[in-house]
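Working notes, structure below.
Here the structure is a predicted model, which means the values were calculated and not measured. We're numbering straight along the sequence, starting at 1.
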Amino acid sequence: MIDFSILFEDGEALVIDKPAGLPLDRPRAGGEALEDHLDAMRFGFQREPFPVHRLDRDTSGCLLLARNPKALKRFSAAFEAREVSKVYLGVVATEVKGEQGTIDLSLLKISSVENGWRMIAAKKGKPAVTHWKVVARKPGMTLVEFRPETGRTHQIRVHALAGLGAALVGDPIYGDGQGAARTMLHAAALTIPRVGKDPIVAHAPLPMDFDAMGFDLPEPADKPEIAVEDDT
């Protein structure tokens, strides 16, 4: 049983720190998935919580779960309306030029028998916008903060490649899969507004594999950039 860190909890929501390597749905080849652990996360409630949005298998960090159908509908609507603030940290496999900017590249899903499916930047795709800011650099790599406005499949991974000049370290689809045991992407923070209630606010500390990459992080200014804990 995975000991999930609970980042936020109340009567209608849970935010967990999803570990890298755990898919939300059962893989075709079998194996462990988040659905195996939902019953244990009832914590006395009648229903199992249900994921509101998606994180890739390799992506760690903030994942929102709704505790009832009404909450699921409201939270899903907030994501659809782009009212949710999402902050990711990713390690890009190049020394990124510039300090910050916005990537506005539409994304299209393609597939082939040889390579399976993937997303590409294409004018006839669905609109996708990601704001980015450099957090720290080291030779051949850059730690970047990503704030996506939209939530397209593989958005940050494709925008890193097409907009910043290189894929995320460890990405086996859009990069060479080298430099890390997984795609280095972490959902560091999540804020969901609510009518008549305080917003849901959650921060997930940097995992050990990010910390082990040895970036010189700036002094605390914005929590998602420097949230490092030794016992993650």
Side-chain angles (χ1 to χ4, degrees), residues 1-90 117 119 146 148 150-157 170 172-173 181-210 224 227 229 231-232:
M1 173 66 186
I2 296 175
D3 184 14
F4 290 94
S5 294
I6 305 300
L7 306 174
F8 178 93
E9 179 180 8
D10 70 4
E12 64 178 13
L14 283 173
V15 180
I16 64 170
D17 190 354
K18 186 189 85 68
L22 182 70
L24 271 61
D25 303 318
R26 182 87 55 214
R28 291 184 180 180
E32 188 177 25
L34 178 69
E35 62 188 63
D36 295 320
H37 304 279
L38 296 178
D39 184 69
M41 287 190 280
R42 292 175 188 260
F43 300 134
F45 283 75
Q46 181 179 359
R47 297 181 176 90
E48 293 182 355
F50 190 84
V52 177
H53 58 119
R54 304 194 65 80
L55 293 179
D56 290 344
R57 178 176 189 151
D58 272 1
T59 303
S60 54
C62 297
L63 179 68
L64 174 65
L65 308 175
R67 280 184 150 157
N68 60 69
K70 290 183 179 179
L72 176 60
K73 184 177 181 179
R74 289 197 302 272
F75 297 151
S76 297
F79 273 90
E80 184 69 22
R82 303 185 187 180
E83 297 171 349
V84 178
S85 174
K86 299 164 285 185
V87 181
Y88 290 79
L89 292 173
W117 70 270
M119 306 298 292
F146 296 96
T150 49
R152 307 302 181 196
T153 301
H154 292 184
Q155 176 172 321
I156 293 174
R157 296 166 68 182
I173 296 178
R182 55 114 166 185
T183 302
M184 296 300 289
L185 185 61
H186 177 64
L190 190 65
T191 302
I192 303 97
R194 296 190 289 185
V195 177
K197 290 186 178 182
D198 290 338
I200 296 169
V201 179
H203 296 87
L206 276 179
M208 291 179 65
D209 54 357
F210 268 78
E229 294 185 1
D231 59 351
T232 300

For L34, does its backbone N or O pair with a side-chain atom of K18 as donor and acceptor, under 3.5 Å?
-> no

Heavy-atom donor-acceptor pair, R47 side chain to R42 backbone, under 3.5 Å | no

So [Y] and [X], do their side chains get closer than 4.5 Å, heavy atoms only?
X	Y	result
L63	F4	no
L7	I16	no
L190	H203	no
F50	E48	no
M119	I173	no
F75	I200	yes
E32	L22	yes
I156	L185	yes

Considering non-hydrogen atoms only, spot the tightest contact between [X] and [Y] and give its length.
X	Y	result
F8	A202	CB-CB, 4.4 Å
D25	E35	CA-OE1, 3.7 Å
L38	P51	CD1-CD, 4.5 Å
L55	C62	CD1-O, 3.5 Å
Q155	T150	OE1-OG1, 2.7 Å
P23	P27	CG-CG, 3.8 Å

Only one of V52, V15, L14, L72 passes side-chain contact (heavy atoms from CB on, under 4.5 Å) with L65; say which it is.
-> L14

Quick one: ring pair (Phe, Tyr, Trp, His ring centres under 6.0 Å) partners of F79, sequence neighbours excluded?
->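 By the ring pair (Phe, Tyr, Trp, His ring centres under 6.0 Å) rule, F79 matches H53.
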
Check step by step if side chain to side chain contact (heavy atoms under 4.5 Å, CB included) holds for D36 and R26.
-> CA-CA 9 Å; D36 295 320; R26 182 87 55 214; 2.6 Å; yes

Tell me, which pairs form a side chain to side chain donor-acceptor pair (under 3.5 Å) where one or both residues lie in residues 59-76, sequence neighbours left out?
->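 Those involving residues 59-76 are E9-R67, E12-R74, S60-R182, S60-H186.
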
Is the closest basic N to carboxylate O distance between K197 and D10 below 4.0 Å?
-> no

